[in-house]
Amino acid sequence: MTFRNLVTGGAGFLGSHLIDRLMEAGEEVICVDNYFTGRKDNVRHWIGHPNFELIRHDVTDPLRLEVDRIWHLACPASPVHYQFNPIKTAKTSFLGTYNMLGLARRVGARLLLASTSEVYGDPEVHPQPESYRGCVNTIGIRSCYDEGKRIAETLCFDYQRRHGTEIRVMRIFNTYGPRMLPDDGRVVSNFIVQALQGQPLTLYGEGSQTRSFCYVDDLIAGMMALMNGNHSGPINIGNPGEFTIRQLAELVRDRIDPSLPLTTQPLPQDDPLQRQPVIDLARRELGWEPKVSLAEGLEPTIAYFRERLAQG
Ligand code: NAD
Ligand code: UDP
């Protein structure tokens, strides 16, 4: 059985990988994006395919379409980008999710929300299970994103309770891979681009904070298992392999140019100190777990940036 899929944020990093998987499976895909952080180039290879449509649209405005499934990913994900216009970020999460849930309700579609580990804030419980309610600063510079995603989750569950809308809520932990923007601002792309350009790698703080990095192919497999399964979530999808940011910098540097120095810059406000997903629920309910280690996933990611930078 194939579906008519709407992918919001489909021209972005994760959305474009999801579209590849859906198109390869013979599904119909409508990609909606306002190109804030996405690029037409990420989906260019599908333009002209009879199963594919591309629409420039901002999800803060309502949208009328006939679809079976809505993969709601539209929202800038890098702190640099979501802090560029924080009020717009909050609107995108709230109004965007509200509009997409309204669409899902009207046409009877199932909606998957790309939520985030940021709903746990700077966590006091480590590692983080879905039952942990988080420690989020409501008034800080990350709040537009963190609180935006929290209200987006709330809307999903109220649509489910009130209107019977089928929802799937996925809490995505730091994910990396080809098609991240060179100026994306997130740590993996920053370090790789800096190293390829022969520049020092910039640790924010001492680099002792931790993150757990998931390769994009694993993440998309988890996303598809969640949409196709029977569990509404919220469900953590991420790789439990936890690294300090300094360890990540060393891994990247040693692969590209071991002579490069690491420098320090001030730690941004509210930067979480530690982060690691508990993925027992995903293992049990979806039969999913990540397969690609950080060392393995860095190879194709570095190769991508090498080629991208060579193109200028
Ligand atoms: P991305 O910035 O590459 O993609 C987001 C896409 O949404 C872009 O194409 C952008 O142009 C589009 N967009 C933004 N605002 C929009 C709007 N108002 N209307 C229409 N389109 C809009 O980021 P990504 O890493 O691909 O993240 C995709 C989703 O996954 C986001 O919702 C993000 O919050 C979530 N997520 C990602 C990560 C990660 O590590 N990549 C972690 C947690 C959550
Ligand atoms: N970070 C860093 N150097 C960089 C970019 C980020 O040390 O050039 C740190 C950042 O302070 C954070 C971690 O790396 O502690 C992950 O940052 P990212 O923006 O990738 O994701 P998030 O903080 O949203 O998890």
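Note that the numbering runs from 1 along the sequence shown for the chain. Read the numbers this way: they start at 1 and go in the same order the structure lists the ligands and their atoms.
Each of the following atoms of ligand 1 lies closer than 4.0 Å to a heavy atom of H57: 19 (N), 20 (C). For ligand 1, the atoms sitting less than 4.0 Å from at least one non-hydrogen atom of G9 are 6 (C), 7 (O), 9 (O), 12 (C), numbered in the order shown with element in parentheses. Taking a cut-off of under 4.0 Å to the non-hydrogen atoms of A114, the atoms of ligand 1 that pass are 29 (C), 30 (O), 32 (O). Near N34, meaning under 4.0 Å from one of its heavy atoms, ligand 1 places the atoms 11 (O), 12 (C), 13 (N), 14 (C), 15 (N), 16 (C), 17 (C), 18 (N), 19 (N), 20 (C), 21 (N), 22 (C). Atoms of ligand 1 lying under 4.0 Å from any heavy atom of Y35, numbered from 1 in the order shown and given with element: 11 (O). Taking every non-hydrogen atom of A11 and a distance limit under 4.0 Å, the qualifying atoms of ligand 1 come out as 9 (O). The ligand atoms of ligand 1 that sit less than 4.0 angstrom from a heavy atom of G38 are 8 (C), 9 (O), 10 (C), 11 (O). Interface of Y145 with ligand 1, defined as ligand atoms under 4.0 Å from a residue heavy atom, comprises 33 (C), 34 (O), 36 (N), 43 (C), 44 (C).
Inspection of the T2 and E28 side chains reveals no N or O donor paired with an N or O acceptor under 3.5 Å. If you check the side chains of R133 and Y120, you find no donor sitting under 3.5 Å from an acceptor. One side chain, Y304 or R308, offers a donor N or O that lies under 3.5 Å from an acceptor on the other. Using a 3.5 Å distance cut-off with no hydrogens or angles, the side chains of H163 and D158 do not pair a donor with an acceptor. For the 3.5 Å distance criterion, the side chains of W288 and D218 fail to qualify, holding no donor opposite an acceptor. Judged by distance alone, the side chains of T264 and E206 never bring a donor and an acceptor atom under 3.5 Å apart. A side-chain donor from one of S16 and R179 sits under 3.5 Å from a side-chain acceptor of the other.
Protein residues with any heavy atom under 4.0 Å from ligand 2: P79, E118, R142, N174, G185, R186, V187, N190, F191, T202, L203, Y204, Q209, R211, I245, P268, D271, R275.
Residue contacts with ligand 1, taken as heavy atom pairs separated by less than 4.0 Å, involve N174 solely via the backbone atoms N, CA, C and O. Within the 4.0 Å heavy-atom criterion, the part of R186 lying near ligand 1 is the side chain and not the backbone. With a 4.0 Å heavy-atom cut-off, ligand 1 is reached by no atom of S117. Contact annotation: for K149 versus ligand 1, heavy atoms closer than 4.0 Å belong to the side chain alone.
Residues E242 and R275 are not paired through a salt bridge, judged by the lack of any N-O separation under 4.0 Å between the basic side chain and the carboxylate. We find that R150 and E153 are not joined by a salt bridge, their nearest charged nitrogen and carboxylate oxygen being 4.0 Å or further apart. Between R4 and E66 there is no salt bridge, since no side-chain N of the basic residue sits under 4.0 Å from a carboxylate O of the acidic one.
Counting heavy atoms only, C75 comes closest to atom 5 (C) of ligand 1 of the residues A77, C75, G12.
The N/O atoms of T60, backbone and side chain alike, include none that comes under 3.5 Å of an N/O atom in ligand 1. Considering backbone and side-chain atoms together, G15 places no N or O closer than 3.5 Å to any N or O of ligand 1. Polar contact with ligand 1: present for D33 (N/O pair, distance under 3.5 Å). Annotation: G10 places no N or O atom under 3.5 Å from an N or O atom of ligand 1; distance criterion only. Close N/O approach between L14 and ligand 1 is found [any backbone or side-chain N/O within under 3.5 Å]. At least one N or O atom of T175 sits closer than 3.5 Å to an N or O atom of ligand 1.
Each of L111, V29, L6 was checked for a side chain to side chain contact (heavy atoms under 4.5 Å, CB included) with V67, and the lone residue meeting it is L6.
Listed by first and then second residue, the side chain to side chain donor-acceptor pair (under 3.5 Å) pairs involving residues 75-89 are D58-K88 (not counting sequence neighbours).
Hydrophobic clustering, with ILVMFWY side chains joined whenever heavy atoms are under 4.5 angstrom apart, keeps W71 apart from L103.
A cation-pi contact, defined as under 6.0 Å to the ring centre and within 45° of the axis, links R69 to F3.
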